[in-house]
Amino acid sequence: MKTLVIGSTGKTGRRILRRLTDLGHPVRGASRRGDPPFDWERQETWPAVLEGVGAAYVSYYSDLAAPEAPAAVEAFTKAAAAAGVQRLVLLSGRGEHHAESCEDIVRESGLGYTLVRASWFAQNFGDVPGGELRQGVMDGAVALAAGDVAEPFVDVEDIADVAVAALLDESHNGRVYDVTGPRLLTFASAVAEIAAAAGRPVAYVPVSVEELRAALAGHPQGDLFADLCGEVFDGRNANLGTGVQDALGRAPRDFADYCRAAAAAGAWR
């Protein structure tokens, strides 16, 4: 049976799809522009992508932190069960109320499951496309409502490795993997490491949630992003998880390694 990758053009999904393809595993990528297409807001698109699927990687667009996410994930989980899917691997977020509700839905679905609960992505600073803060790096000022809180930035490559392991090996069933990087960094420190690796001046500019909301006015996900910052940047996530070690038996990639690799690949040129 095929493995389904929901969000196969996103930061995590495209890496998972590539890994499964390279392994020669039968896989189906699902996105709004896919064939067949998949759209979270159009349930009529779901049966075609679920046909013949044994396990599915589930990443919700726009984010599990969105208020509408639990209802959508519950409906999708029921559709997956009806289609004969046996296991779900859910990408979740740390300390997010609606994400926790989605985790409970998957946990109680009766399907096999693995929950991959991720910290802030290192690739948010540099992925092309998809790096929400990349333009700030290019402009020389990353403005965010995160104050001086510390975050254990996780490399998306580690998330992809954990997800692939969970999709292909049933020994990961029932596990919750809290995936983070190996150390805590403030956003000011993270931006300083990016500046050093990129060889360009970049500053971190702390702003309030409402200032961030005003700056993002007109962006389709602006309110969600501002609300998410207000929810999670209160210190609740200023701790390290062991998910990468637990799932893969190795240490997670360090943020400095990400910065060097991204700079070498031209992320900030």
Side-chain angles (χ1 to χ4, degrees), residues 4-14 16 28-34 36-50 53 56-83 85 87-111 113-121 124 127 129-133 144-146 156 159 163 176 179 209-210 212-234 236-237:
L4 176 65
V5 179
I6 299 292
S8 58
T9 60
K11 279 193 285 290
T12 61
R14 66 176 181 262
I16 294 166
R28 175 182 295 145
S31 68
R32 283 177 292 183
R33 297 180 181 179
F38 175 89
D39 191 328
W40 276 106
E41 296 181 356
R42 297 172 56 214
Q43 294 191 24
E44 67 271 18
T45 66
W46 300 358
V49 299
L50 287 167
V53 168
Y57 173 75
V58 182
S59 61
Y60 179 75
Y61 182 85
S62 54
D63 192 280
L64 280 194
E68 67 273 13
V73 169
E74 183 171 20
F76 179 80
T77 299
K78 291 179 179 177
V85 176
R87 288 186 292 125
L88 300 178
V89 176
L90 178 71
L91 175 65
S92 186
R94 303 174 93 212
E96 301 171 9
H97 172 69
H98 293 302
E100 291 170 356
S101 297
C102 293
E103 290 181 5
D104 289 340
I105 290 166
V106 171
R107 189 183 285 112
E108 297 165 7
S109 67
L111 299 175
Y113 71 88
T114 305
L115 306 177
V116 182
R117 190 183 294 155
S119 60
W120 187 275
F121 297 175
N124 287 345
D127 250 23
E132 290 83 353
L133 300 180
L144 196 65
V156 174
I159 298 174
V176 179
V179 293
V209 170
E210 292 312 313
L212 179 63
R213 192 187 309 278
L216 295 174
H219 189 285
Q221 305 301 326
D223 284 338
L224 174 61
F225 189 67
D227 289 341
L228 179 60
C229 289
E231 181 179 16
V232 301
F233 290 140
D234 61 358
R236 71 183 66 184
N237 293 332

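This structure is a prediction, so every number in the text was calculated from the model and none was measured.
Gln221 places none of its side-chain heavy atoms less than 4.5 Å from the side chain of Glu132. Val232 places none of its side-chain heavy atoms less than 4.5 Å from the side chain of Trp120. With contacts defined as side-chain heavy-atom distances shorter than 4.5 Å, the pair Asp63/Phe225 does not qualify. The shortest side-chain heavy-atom distance between Leu90 and Tyr113 does not fall under the 4.5 Å cut-off. In this structure, the side chains of Ser119 and Asn237 stay at 4.5 Å or more apart for every pair of heavy atoms. In this structure, the side chains of Phe121 and Thr12 come closer than 4.5 Å at one or more pairs of heavy atoms. Within the 4.5 Å cutoff, no side-chain heavy atoms of Val106 are placed close to those of Leu111. With a 4.5 Å cut-off on side-chain heavy atoms, Arg14 and Asp127 count as touching.
To the nearest 0.5 Å, atom CZ of residue Arg213 and atom CG of residue Leu224 are 10.0 Å apart. Expressed to the nearest 0.5 Å, how far CD of Gln43 lies from CZ of Phe38 amounts to 9.5 Å. Residue Tyr57 holds its OH atom at 12.0 Å from CG of Leu4, rounded to the nearest 0.5 Å. The distance from the CG atom of Leu228 to the NE2 atom of His98 is 10.5 Å, given to the nearest 0.5 Å. Phe233 contributes atom CZ, which lies 5.0 Å from atom CG of Leu144 (distance to the nearest 0.5 angstrom). Here the OG-CD distance, from Ser109 to Glu74, works out to 10.5 Å after rounding to the nearest 0.5 Å.
For the pair Leu64 and Cys102, the tightest heavy-atom approach, listed with the atom from each and the gap, is CD2-SG, 3.6 Å. Arg117 approaches Gly93 most closely through the heavy-atom pair CG-O, 3.6 Å. When all heavy atoms of Pro70 and Ile105 are compared, the closest pair comes out as O-CD1, 3.3 Å. Residues Ala75 and Trp46 come closest through the heavy atom pair C-CZ3, 3.5 Å.
Ser8 contributes no side-chain N or O that, together with a main-chain N or O of Gly13, makes up a donor-acceptor pair within less than 3.5 Å. Remark: side-chain polar atoms of Ser59 are not paired, donor with acceptor, to backbone N or O of Leu91 under 3.5 angstrom. A donor-acceptor pair is defined here as one N or O able to donate and one able to accept, closer than 3.5 Å; no such pair exists between the side chain of Arg236 and the backbone of Glu96. In this structure a side-chain-to-backbone donor-acceptor pair under 3.5 Å is present from Lys11 to Gly130. Side-chain N or O atoms of Glu231 include one that pairs as donor or acceptor with a backbone N or O of His97 at under 3.5 Å. Side-chain atoms of Arg28 come within 3.5 Å of backbone atoms of Val49 as a donor-acceptor pair (strictly under, hydrogens ignored).
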- Query: Which is it for Glu41 and Arg32 under the salt bridge (charged side-chain N to carboxylate O under 4.0 Å, His left out) test, yes or no, and what are the steps along the way?
  - Reply: CA-CA 10 Å; Glu41 296 181 356; Arg32 283 177 292 183; over 6 Å; no
